[in-house]
Amino acid sequence: MNPLKRLGRRRASVLALLALGALVTPGAATAAPDAPDGVRASTLGAQAAQSGRYFGTAVAAGRLGDGTYTGILGREFNSVTPENEMKWDATERSRGQFTFGAADQIVNGATSRGQRVRGHTLVWHSQLPDWVKGIRDANTLRGVMNNHITTVMNRYKGRIHSWDVVNEAFADGGSGQMRGSVFRDVLGTGFVEQAFRTARAADPAAKLCYNDYNIENWNDAKTQGVYRMVRDFKARGVPIDCVGLQSHFGAGGPPGSFQTTLSNFAALGVDVQITELDIAQAPPNAYANTVRSCMNVARCTGITVWGIRDSDSWRSGENPLLFDRNGNKKPAYQATLTTMGGTAAAQRPDTRSARSAAALPSSFRWNSSGSLISPKPDATHRIAGIKDPSVVYHNGKYHVFASTASSSGYNLVYLNFSDWSQANSATHHYLDRTAIGTGYRAAPQVFYYAPQRLWYLVYQTGNASYSTNPDISNPNGWSAPRNFYSSMPDIIKQNIGNGFWVDMWVICDSANCYLFSSDDNGHLYRSQTTVGQFPNGFTNTVIAAQDSKYAMFEASNVYKVQGSNQYLLLVEAIASDGRRYFRSWTSNSLAGSWSPLAASEGNPFAKSNNVAFPAGTWTRDISHGEMIRAGNDQTLTIPACKLQYLYQGKDPNAGGDYNSLPWRLGLLTQTNSTC
Ligand code: XIL
């Protein structure tokens with residue numbers, strides 16, 4: 001396809017619409033009031049997310065076939081910890097022979113549900129095979145330990161938010177010293193430092209935790225011993241990011257000093273996490289006190305309970321968990337949820353889809369930022385507009401890919417920054433200088449393909465193309481373009497009319513990957529391959545949705561809504577005033593049919609009439625962009641609450657050559673989130 005021809009035609013249609021729009025009075029923007037205070041959710045994970053925390057559970061691979069179990073797992077939790085499946089005796093039973101089947105099952109399941117994963121655990125004296133316990137030579141043991149850490153962490157690189165690098169290294173009782181173990185006895189107490197250094201090198205993105213029990217009471221010698229070690233690590237620059245307090249409590253719940261302990265560790269400059277919570281007999285007050293202590297400490301970033309139902313617990317005789325044997329919520333559940341600020345919704349066992357349908361509202365209101373990112377022309381890049389952004393948050397930074405537009409055509413640019421206030425000062429890396437090359441490349445989409453541990457950049461070149469990169473932050477790491485299709489699928493040739501084949505978009509569930517694209521002629525296409533075959537094998541191209549040309553124009557996004565069964569489709573349309581806006585649909589399957597959510601000019605997903613501009617109205621177009629996601633992988637999971645959308649807009653008075661329009665990027669933040 002000739003991009004100039006394409007662009008000329010697109011411009012012509014826009015100008016025609018603008019002329020048409022002169023007859024229509026554009027609706028005035030309505031001011032969008034802020035969301036009511038005290039936004040409340042009705043599940044543990046969604047409520048924890050309100051304060052930026054996670055609420056997780058230990059998961060046993062052997063229970064994933066139990067529908068009651070997985071029902072609660074998918075509904076309530078946004079983080080999971082494999083209960084036994086990542087331990088040494090499960091992953092390296094014989095020296096150098098690694099088995100990951102059960103751990104993979106848990107991690108892949110969590111990924112497909114949009115849940116994050118805690119890694120547990122790399123170096124521990126327990127559940128340790130005899131062949132390791134029998135090693136007496138320090139060099140051998142050091143090599144074995146480093147290899148174990150590196151191999152297991154590499155396997156799940158980029159998919160684990162926090163790793164318990166060393167578990168339970170300290171002794172109970174009054175010594176405050178490390179306990180005897182093959183690691184301490186053969187390598188000395190320095191084995192902990194060695195393990196953390198190796199772990200940092202293996203997966204620099206994961207938070208590295210020291211995890212232990214009986215360190216919740218501030219004055220206990222064991223707590224003090226761990227505290228001294230963490231303080232020493234921080235002072236000497238040994239990599240450590242968090243302390244996990246297991247919190248296996250008796251019926252009395254946490255000690256009175258629990259919050260003090262959390263704050264004192266946090267004051268060393270580490271996060272704290274409650275990693276294995278269970279309380280004998282699950283008294284509601286004991287749970288409330290534990291949860292409140294975490295909520296009161298800013299660096300307490302999440303809570304994990306050690307199992308779902310009492311019958312799943314390693315302490316099942318003590319009924320220590322939040323759900324009874326039948327999967328009903330116990331009083332401790334309500335106490336936990338309300339202590340985090342959530343509402344105790346009545347239990348309705350069969351309302352999973354009803355709940356998920358309720359996860360997104362049926363109308364949206366937004367506040368827009370001003371223009372946050374402008375083009376940065378240089379001597380060889382006379383750029384007029386920056387467009388079509390794709391964004392992921394990874395390793396403490398937003399990574400933005402976008403099209404650059406100029407009178408001579410399109411290419412791609414990459415920038416990163418840690419905060420939106422720094423977006424406009426970020427360096428622009430022009431990707432035509434990389435193996436991606438010069439020529440027509442536009443409308444990028446970026447995601448991490450976890451099964452291959454590779455970043456993918458999908459973009460249009462006339463075909464649907466992609467490049468890969470092991471390191472998203474390295475602009476020079478992208479491979480040369482490759483195509484998903486040998487040529488345009490027949491069904492597109494038959495329906496494209498005078499349109500153009502644009503805006504390719506990949507999303508996967510746990511079994512399949514789908515490639516969506518638009519034709520500027522009212523059709524959304526979908527092709528399919530398996531997760532194993534991706535990026536090859538896209539066939540079965542079908543029309544996934546259709547409408548009139550301008551009602552379903554281009555720039556589609558498809559997302560998984562976190563903690564629900566729901567997928568969200570956004571498609572850019574051209575309104576009766578000639579301005580761009582977004583319509584939305586939902587489906588419970590990526591290959592399913594799409595039902596309108598907010599899909600009209602009167603009730604749009606995002607349009608000038610439901611976006612307020614507290615910083616000044618700099619655009620009347622809400623055009624091609626991308627949601628801020630909850631994760632970065634191929635499931636394209638977005639939060640259900642407080643959505644944010646990075647979009648392109650432009651000076652309403654600008655006109656002339658379509659390629660030279662002054663597109664800028666701005667950020668929408670939802671103001672009517674009800675969860
Ligand atoms: C427990 C599991 O829950 C049991 O299934 C297994 O038999 C033994 O280990 N501290 C930890 C966890 O760090 O890994 C332990 O999990 C509980 C105590």
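In this text the structure is predicted, and so the values were computed from the model without any measurement. Read the numbers this way: they start at 1 and go in the same order the structure lists the ligands and their atoms.
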Next on the checklist: Please determine whether a side-chain nitrogen of the Lys or Arg among R200 and D241 lies less than 4.0 Å from a carboxylate oxygen of the Asp or Glu.
Outcome noted: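 Salt bridge: yes.
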Next on the checklist: Using a 6.0 Å distance limit plus a 45 degree cone around the ring axis, check whether K222 lies over the aromatic ring of Y213.
Outcome noted: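 Geometry flag: set, cation within 6.0 Å and 45°.
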Next on the checklist: According to ring pair (Phe, Tyr, Trp, His ring centres under 6.0 Å), who are the partners of Y449, at least two apart in sequence or on a separate chain?
Outcome noted: Y456, F534
Checklist entry - If we ignore angles and hydrogens, is there a donor and acceptor under 3.5 Å between the side chains of N217 and S257? => result yes
Checklist entry - Between D137 and T140, is any side-chain donor less than 3.5 angstrom from a side-chain acceptor? => result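 Indeed, the side chains of D137 and T140 share at least one donor-acceptor pair under 3.5 Å.
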Item to check | Atom NZ of K330: over 12 foreign heavy atoms under 6.0 Å | outcome: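 Counting other residues, nucleotides and ligands, NZ of K330 exceeds 12 neighbours.
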Next on the checklist: For a quick check: using heavy atoms under 4.0 Å, what are the residues in contact with ligand 1, sorted by chain and number?
Outcome noted: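 Answer by chain and number: E83, N84, K87, H120, W124, Q127, N167, E168, Q246, H248, E276, W306, W314.
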